[in-house]
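Taking it in order: structure first as structure tokens, then the write-up.
Per chain, numbering begins at 1; letters A, B, ... match sequence-line order.
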Amino acid sequence: MKIDCNVNIRHLTRVEGHGNINIKITGGKLEHAKWEVVETPRFFEAMLVGKRWENAPWISGRICGICSIGHTLASIRAIENAFGIIPTELTSKLRLLLKHMETLQSHILHLYFLSGPDFLNAGSVFPLIESHPDVVLRAAGMKLLANDLCDCVGGRRLHPTRTIVGGFTMLPEKAELKGFKDRLIKAKDDLISTADLFQTFSIPDFSRETEFVSLKGERNYPFIGGDLVSTDGVIKKEHEYKLMTNEHLVEQSTSKWSRLSRNSFAVGALARINNNFDLLHPIANEIALSFGLKPVNHNPYMNNIAQLVECVHVVMESADLIDEFLDTELGEPKQKVIPKSGTGVGAVEVPRGILYHCYEFDDTGHILKCDCVIPTSQNHANIQHDLEELAKQYAEIGRQDREIELLAEMLVRSYDPCISCSVH
Amino acid sequence: MIFKVFDKKELKKLFDVLSSDNSIVGPVEIGADRNDQPIYAFSLVSDFNNIKLNYSTTKLPAKKFFLPFKEDLATFTIKEHGWQKNVDYNIDRPYIFFGLHACDINALNKLDKVLMGSTYPMPYYAAKRKNMFIVGIDCAPQPYCFCRSMGSDTVLHGFDMFLTDIGEEYFAEILSDTAYNFLKKINTRDPVEADHFLYMKSVSEKNKKFTAHVDTTDLTKILDMEFQSEVWKHWGQQCLACGTCSNVCPTCYCYGVEETVDINLKSARKTKSLYSCNLIDFAEVAGGHNFRPEQHIRLKYRYYHKHRGFVEAYEESLCVGCGRCGESCLAGIRVPEVIASVRRQED
Amino acid sequence: MDTHLKFTDIKTEGRQKSHRRDDFEAFEFTYKSEITNIHQLTEMENLYRIQILDPEERKRFTFQPGQFLMLELPGIGEAPFSISSPPSRHGDVELCIRKAGNLTNFLAKISRGTHVGIRGPFGTNFPMEKMHSQNIFLIAGGLGLAPLRSAIAYAQDNRSRFNNVEIIYGAKDPSQLLFTYQYDTWQADDINLNIIVEKTDPSWKGPVGLITKILEEIFSKKDDDFFKNTYAIVCGPPVMFKFVCNMLGQKDIPMQKMFVSLERRMHCGMGKCCRCNVGSTYTCLKGPVFDYWSVMNLKEAI
Amino acid sequence: MAGDKAAKTYLGVPLFRPKVAFFELSSCEGCQLQIVNNEATLIDFFSLVEVVNFREAMTERSDNYDIAFVEGSITRSDERERLKKIRANAKILVALGSCACFGGVNQLKNRFDQAWVKNEVYGNFPVETEAARPLEDVVKVDLNIFGCPVKKEEVEKIVINLALGKAIVHPKYPVCMECKANENICLFDLGEPCLGPVTRGGCDSWCPNSKFGCWGCRGPAEDANIEQMKFIMKEYGFSEEVMLDRLECFGGFKTYAEEFRKSLPTVVTPSRKLFGTPPLKIRGGRGSYDSGEKDK
Ligand SMILES: Cc1cc2nc3c(=O)[nH]c(=O)nc-3n(C[C@H](O)[C@H](O)[C@H](O)COP(=O)(O)OP(=O)(O)OC[C@H]3O[C@@H](n4cnc5c(N)ncnc54)[C@H](O)[C@@H]3O)c2cc1C
Ligand code: SF4
Ligand code: SF4
Ligand code: SF4
């Protein structure tokens, strides 16, 4: 059957930021499929020019409300790299714990509130409050745990107040952290129930070969700093990030696009798992396999599952981190910062993929040049190509408008794009 | 008054006796300031070694234990038609205050006058006040202390036991039979003349160390005379209207009450929060009229209340001279300087 | 000996029956009451009739003209209001309330039968007994008529004990006049009623101008002896009573024989919160009714 | 949220259950997120209001609403138009968060010439942008909710008050008041700068509670004593630039910050080595970059 199809979505809902989807199929032939980013740019890279180093983490955290912790940490790492500061082990562990909780809260938000309703045939989480109260409560419970732990370690759940260059303004109370252990154990059970729920969903069967880029773990599953790696075998150092991202501008988007070995690549949970599968916590690993997720998986919808797997991983690792913290003799929470001239890069895996901050400083610690590369902008090109392929495949087998529209929406949501961030 | 003397080593024993069954509040070190001077606070303690009895002054007074910054006066259960008011004075146990200075005990005595004495005694305060046992301790005057000018360098009542360091031993004044009974648990002896001498020597040495003074002669009159004085404008211009002085003051008790409905609409509460007369809307009434629209008028009012109004009502000032407000005021507005300027004393 | 300190319990149940000023339990004790009627007086003001529910408590609740009570609606607010009804009617009071903020606006929306809490009565009163066998001027501006109404009722009930009773009442415009329906009954009890409005409208037949204008007229009709035996109560905005009291002063009425009612912010009504302090005098304890001499001695009172 | 629940009452008075919509202009969407971050009270919260438009959380949309919560500042002409439409539909327009109230961090780019800003980030690529502005520069705002991010407790209280018809009043006093009640050690004692003495309270001294000095995200307290604040900063040894950074960070102190920036000397630092720059003057603090070199 030859179909005509016209999908025109302005300001896609249940994603962070503003993006449009346009698909036109005439007589079973794809005319165009377009992913447009229409978010207004905010020019953080210009804002920071001329400011002292101290401003950077505080201001650039405002690039995104969902991954403000990731931005703050990337910014801090870039500055510390520029100034030659090596964080103490305690600082690194606490930062990782904080990072994990952001990952958990963001993934849960995405799985249950943003992409979840698609699988449950609902327009939003609100009707689910009545139809699936247990599901909503479970999600709320896990989100609350993640948020509370962020408050405890970072000062608050978004735009953290305790994370500074050189360490933390103050450390959490041991007794308080200890209280979170039980909640983490419970969250593990909740995640297993979540996995059971997702087993009942039908994940669209669609694949398109692409390249996946992420940090490369050495001994641990990577989140903060390290080498950069791709499934096509590229390996680069952190400070060579530009060679990994190759940002360029395209007409249909206010966000920049990226490419590496092919004309696009993907970052995010699926990319991380594709590159670091063996470093996952055994329980996370097991869950991945139960969904048939193993490297290299090219189904973008599987990013949802990858996020679920990561939730398990971060929850398990957080419990260990708390144990280690409890056994540590606490010293000074922060080191002294002495600014010097130079350039520093900080790469951090945020929920949606790899994030880079890079600053150039003069000798008094004033920012001369600032560059931030956001995961979603690295994904835009890949989303575009996926969308084209999806439309083409489904046009051929003669799916209807509404069906294609829904699959297209779900595709974009699978990437969990954070658009306002990508257009910072 | 009954006196006892005991060896300093016995103090830990006394602490242990007291703490075995009771909650103890005492001065502890909570950090160091930018000049590496320790910062002290009153806090719950269970280990004698954490108590710093030679502390200077805590940043905040012990006020939070008997006049909390925020406290529910009542909660309401809202029913379909009507409501039920539930009152709780928010006390659960007695507290032992271990190591209060004379000024802080005097502050309690002054609060007693307003909050317990006159008409309508306030049960929220009274209940906590009646459930405290106070072990006072002598202190070393700090550069900002002007308690001697305010007559608060010694304290005559309002505590259970007061300790003065006389070298190897403590000289204890005992005011309550509870204190007397507690002291039976440790080794004490009756003082002899030599102890009296040591006590008086320690007092006179302490007196020599005061450096800050406030001249209170005829102060009530002078404040009245100088009501329109330009010096208030000078201080008012510096004041940040931040309320810090009231919050760190051991005798400031002004408050505001707010009623709020909980988000489930099934309950509501009436909450009291300590306020400050230096805050811009302290004397604002419905419709927006403000009886003290300018900062210098509000600042003046604070001095007026403490050094004139309270004297008129109780024949003593509402300031104990602990110097906390001046030390915490970022604008550096200090009582001795303000009063001196009102008196036109230049130095 | 037991080393455990004995816990001194202060009963936390609000006192159920009695109500004494030196009793801990009096502090947060509210009389549970019902709004039995609401009467709209003007666009901005309503008259609320409030009855204490418990008959015993109702009997025991007595007050004097000039005193106020604290009216509480849970979660909405609590505020002071002068009692506007005759003191002979104990725990069944009337409050004339102007819409001014959270509590008062919400009150305007509730219906008969709603339960409210009242505490009090608080504050000083107009010393009506001292005024016996004298002339009295009852001078009100705007909402000031609310507390005065209680004094008027007292004068009605004890008419034989006063000589000349003169009400002088000024309002912004005729539509803002309060208690219009009662003017006849006042006059019937041989109380002179003089009303003046600042802005007139077609319905208005009386004098137009500030309250001082009508005062001058009245003063000119009285001989000097009259003022020797006269008390005055002045309620209204501070500017008004400043002018009025000065005029009365010129007629040699001693300051101790003029009474004014001050309004301040109040959060407790019991001399604790400090919000109502004038200088450092608690308006809620030493006031709201002060003689004019005391007011003159209070810094920043007017 | 769909479904007309029976109208709620409080003490017999029927409550207003407003239809609310959430919109965002240029922002991080963190303030909206704060509202969803209400896990514990979310269900109660959403029973007080009827959400008809919340792009970040739901697919359904409607233009029939009483209250519009608008997050973000205006940086493009289409945003201006959108905002005007929202204004026309809404009975109450609420500026949610510091971006909407003051321009937020976005207005930091207003320090520069907008052409330079575009070039710095996008080179020759055409993008549209204008100086970041708060909502009230374009439409009438009925209510401001300050903060970057907004405090969820405060938003909740505001919504309860809207439903009850109670007035919404912000604290007029500065952050110090709450900071002291939270028993914090003053950051100045610890040798850290803080804008708490001049910043509007209501955040429960969020940042100082974490030993992190206030940056003034809620704008000035009523009658804030900025002159004295400058003096204090100096006395405690902080450069004017430290004060300026905080004053201009969120846009709440715009007028003071602009004055202050003008009063500071212009300092020339060595031009950049790695990247070329157009002619650019940054007044105040550090850094006026002369363009000259383009050795990229
Ligand atoms: C002794 C006395 C007698 C009064 N008698 C009357 C009367 O008979 N009729 C009448 O309509 N009004 C009277 N008022 C004024 C009345 O108390 C205020 O209009 C009322 O407090 C407004 O409350 P609200 O919650 O509606 O206003 P809001 O402005 O929302 O009040 C907020 C809070 O501020 C306090 N507050 C604000 N304004 C005042 C004020 N002027 N006085 C005291 N507290 C204030 C209240 O405690 C309240 O909790 C009297 C005030 C006093 C002091
Ligand atoms: S006197 Fe000092 S502490 Fe008190 S309000 Fe003014 S600035 Fe704040
Ligand atoms: S830390 Fe900041 S907010 Fe707190 S008291 Fe000090 S100056 Fe004020
Ligand atoms: S302390 Fe200051 S910067 Fe922090 S939330 Fe409060 S107002 Fe904003």
Side-chain angles (χ1 to χ4, degrees), chain B residues 17-18 20-22 73-74 76 78 81-83 85 87-89 91 93-94 96 114-115 118-124 126-127 130-131 133 178 181-182 184-185 224 227 253-257 259-261 268-270 275 277 282-287 291-292 297 304-305 308-310 312-313, chain C residues 1-14 21-30 32 34 72-79 98 100-104 113-115 117 122 237 263-282 285 299-301:
Chain B
V17 167
L18 294 171
S20 65
D21 280 331
N22 305 292
L73 293 180
F76 300 91
I78 309 293
H81 303 283
W83 43 269
K85 183 171 184 172
V87 175
D88 184 349
Y89 301 146
I91 34 162
R93 59 190 153 162
I96 290 180
V114 212
L115 300 178
S118 68
T119 30
Y120 308 111
M122 187 177 212
Y124 303 86
K130 283 184 187 248
N131 279 295
F133 177 92
T178 327
N181 283 331
F182 276 136
K184 282 190 196 152
K185 300 255 165 185
D224 253 7
F227 198 73
Y253 58 89
C254 304
Y255 64 87
V257 174
E259 303 227 2
T260 47
V261 180
R269 58 199 64 245
K270 179 178 190 182
Y275 219 66
C277 52
F282 184 81
E284 207 172 80
V285 297
F291 282 97
R292 295 186 203 109
I297 300 181
Y304 210 72
H305 183 200
R308 185 193 174 280
F310 205 79
E312 198 177 49
Chain C
M1 188 202 93
D2 179 15
T3 55
H4 194 77
L5 283 184
K6 243 181 90 222
F7 183 70
T8 318
D9 198 8
I10 292 188
K11 261 182 54 212
T12 56
E13 277 305 304
R21 282 160 66 109
D22 54 358
D23 186 335
F24 285 128
E25 287 165 41
F27 195 85
E28 221 11 272
F29 173 73
T30 41
K32 201 147 195 192
E34 180 169 325
E72 177 170 38
L73 261 182
I76 305 296
E78 185 178 40
R98 171 179 291 175
N102 285 338
L103 173 66
T104 46
T114 303
H115 286 186
F122 296 119
E263 192 186 317
R264 282 296 184 279
R265 187 166 184 145
M266 284 176 194
H267 284 224
C268 71
M270 295 177 291
K272 298 286 170 280
C273 76
C274 282
R275 302 307 281 271
C276 68
N277 284 21
V278 179
S280 38
T281 302
Y282 280 101
L285 292 181
K299 295 280 178 212
E300 57 171 40

Short question: side chain of [X], backbone of [Y] - any donor-acceptor pair under 3.5 Å?
| X | Y | answer |
| --- | --- | --- |
| C/K272 | B/P121 | no |
| C/K32 | B/W83 | yes |
| C/H267 | B/V257 | yes |

I need the residue from [options] with the largest number of non-hydrogen atom pairs under 4.5 Å to chain C.
| options | answer |
| --- | --- |
| B/L115, B/V114, B/N22 | B/N22 |
| B/F133, B/Y253, B/F76 | B/F76 |
| B/A313, B/A268, B/G256 | B/G256 |

*With the side chain counted from C-beta on, respond yes when B/E259 and C/I76 share a heavy-atom pair under 4.5 Å apart, and no when they do not.*
no

*Sub-4.5 Å side-chain heavy-atom contact between B/Y255 and C/C274*: no

*Is there a side chain to side chain contact (heavy atoms under 4.5 Å, CB included) between B/K85 and C/E72 once you walk through the steps?*
CA-CA 11 Å; B/K85 183 171 184 172; C/E72 177 170 38; 3.0 Å; yes

_C/E34 portion near chain B, given a 4.5 angstrom heavy-atom threshold_ = neither

*Is it possible for you to check whether C/R275 lies under 6.0 Å from the centre of the six-membered ring of B/F282, through NZ or CZ, and within 45° of that ring's axis?*
yes

_C/L285: which residues meet the side-chain contact (heavy atoms from CB on, under 4.5 Å) condition with it, sequence neighbours left out?_
B/T119, B/Y120, C/Y282

_Under the rule for salt bridge (charged side-chain N to carboxylate O under 4.0 Å, His left out), what residues qualify as partners of B/E312, not counting sequence neighbours?_
B/R308

_Atom group of B/I78 that falls short of 4.5 Å from chain C, counting heavy atoms_ = side chain

*Nearest atoms (heavy-atom pairs only) where C/N277 meets B/H305*: ND2-NE2, 4.0 Å

_Nearest heavy-atom neighbours spanning C/F27 and B/P123_ = CB-CD, 3.2 Å

